[in-house]
Amino acid sequence: MDQHWESVIGLEVHVQLKTRSKIFSGAATDFGAAPNAQACGVDIALPGVLPVLNAAVVRMAVLFGLAVQGRIAKRCRFDRKNYFYPDLPKGYQISQLDEPIVSGGHLDIGTEDGARRRIDLTRAHLEEDAGKSLHEAYEGYTGIDLNRAGTPLLEIVSEPQLRTPAEAARYFRTLHALVRYLDICDGDLSQGSMRCDANVSIRRPGDEFGERTEIKNLNSFRFLEKAVRFEIARQIDILEAGARVERETLLYDAERDETRPMRGKELSDDYRYFPDPDLLPVEVTEAMLEEARCAMPELPATKRRRYADELGLADYDAGWLVADPDVAAYFEDVAAASGLPKAAANWVMGEVAAAQRQDGTDAAHIPVPAAQLGRLLQRIADQTISGKIAKTLFELLWKEGGDVDSLIERRGLKQMSDADELAAVVAQVLASHPAQVDQYRAGRTKVLGFFVGQVMKETRGKANPRQVNQLLRDALA
Amino acid sequence: MDAELIDRLMRLSALSLDEQQRRALSADLQRIVALIDVMQAANTEGVAPLAHPLDGCQPLRPDEVTEIVDRERFQRGAPAVRDGLYLVPRVVE
């Protein structure tokens, strides 16, 4: 980015709360049901129906507020946000304007140079989601599915303190990890469980904020980063050409990697908020706060510090492992089973992650039980098997399951550590390759690797490599 | 209550009014605004804003699925339905 410009980014993230029923009705919230099969009288706004607030959404908002050290309102209120759109059957969305359930708080994110940076939150408020409009399938018509109408959302608004597209993406990731740890959102971005709007402006460092644009509905970390990057470049071009940035709402087109205006200015927002007379003020009692405090799990930032301080992991590794609560849980089980946290970290980040990527397996469904991987790591540590054999064995466990010790036994995978046995193989290898022996003795010591390879081939990978090295050096000396 | 404001209110309310209706609405609105001016004149210093006329707080409902949706019944009253979707005149963003 141009050195003379500073970008100013604030994010509004809509988090779908993981409830069984909707925020104001008893209809189910399951994803993927037949169209309108989960839209009850309240959700489709039949005359005379009344909303009744779901206790779980209050509990989840309070939990979030405590986790970010925000202020929890003892009393808050719902307002009507009025606009017309067919997927909003009441003609208004129930939201919270000036008495949100959570105010303030902060989120600490990692920076490019490995430090931490604190991003302040403005607020987090409760609201209902709208339905879905399907514009493509019906000639001259739009199809409306109201299953999503009334799904509880927590909208989390950051202060405009993010400065780069990468930082914005890291904030989104950090928030994603947090809501998954709190178990208030399933975090499935592909199903729209978290959607992000980005407010972007640029300015000369030290100047007042410039005019901002809002990019709507970004549902992946990568798209957020790309959309913001594009938008910053677009605004720089406008200002450097001597023109002005117009305040507008944009959509990001991932295929063309560009932002485009979403709606015309004549429809500029005027939502005519007013308190919803159908809902009484919400009280958050001391008992509810206490319950949330008791339910608070170990959060990613604390976990990360513990991994570094108590388990001796590098900060990068600790950060990698805590990003996904299921990965962290698996790692902790493997570390506990093996007593070898560093090896457990290496394996979870290496072999396990690679196998997950290959099979598209999420961390909650890793087929190798943590106890088995733990045993495997112990068998490497006590030199029963070589690292190479361990990888083969891991593949076997991943595909077919089984018990590490009996597989080692049954398949004869035990490392050969018997000095006499190995010495015999070494002698045989050297005898069969006199030319390479001469090369080695003439000073081309790199040939040693060739001999090691030959010994491994002869022993089908079972030879203890350290011993083989030593034996070869002795024999060739 | 100028014409521009009436236009804007009509757009926000998605209303289409003829000239006579507009005049009637404008007259109504003027009286409503006058009433609000009277209310604004009341001294509310030191009075906490009232979010709701009822003195109470919102009862909460346990997070349980209690509504079994009879889609066909709900959709009987809809002007157009296909594949389970409500159809409305095409809206394009």
Could you walk me through whether A:Asn54 and B:Leu60 pass the side chain to side chain contact (heavy atoms under 4.5 Å, CB included) test, one step at a time? CA-CA 6 Å; A:Asn54 184 338; B:Leu60 301 179; over 6 Å; no
Residue pairs meeting salt bridge (Lys or Arg N to Asp or Glu O under 4.0 Å), one or both in residues 281-297 of chain A, sequence neighbours left out, come to A:Arg75-A:Glu283, A:Glu286-A:Arg293, A:Glu290-A:Arg293
Looking only at side-chain N and O atoms, does [Y] offer a donor or acceptor that is under 3.5 Å from a partner on [X]?
{"X": "A:Ser21", "Y": "B:Asp63", "result": "yes"}
{"X": "B:Asp83", "Y": "A:Tyr138", "result": "yes"}
{"X": "A:Ser25", "Y": "B:Arg61", "result": "no"}

Here the ring pair (Phe, Tyr, Trp, His ring centres under 6.0 Å) pairs for residues 15-36 of chain A, sequence neighbours left out, are A:Phe24-A:Phe78
Between [X] and chain B, with a heavy-atom cut-off of 4.5 Å, which part of the residue counts as in contact: side chain, backbone, both or neither?
{"X": "A:Ala137", "value": "neither"}
{"X": "A:Pro275", "value": "side chain"}
{"X": "A:Leu17", "value": "neither"}
{"X": "A:Phe84", "value": "side chain"}
{"X": "A:Val42", "value": "neither"}
{"X": "A:Arg77", "value": "side chain"}
{"X": "A:Ile44", "value": "side chain"}
{"X": "A:Lys22", "value": "backbone"}

So CD1 of A:Ile144 and CG of B:Leu87: to nearest 0.5 Å the spacing works out to 8.5 Å
Under the side chain to side chain contact (heavy atoms under 4.5 Å, CB included) rule, what do B:Val65 and A:Gln38 come out as? Steps first, then yes or no, please. CA-CA 10 Å; B:Val65 176; A:Gln38 292 179 170; over 6 Å; no
When the 4.5 angstrom heavy-atom criterion is applied to B:Asp70 and chain A, the contacting part is neither
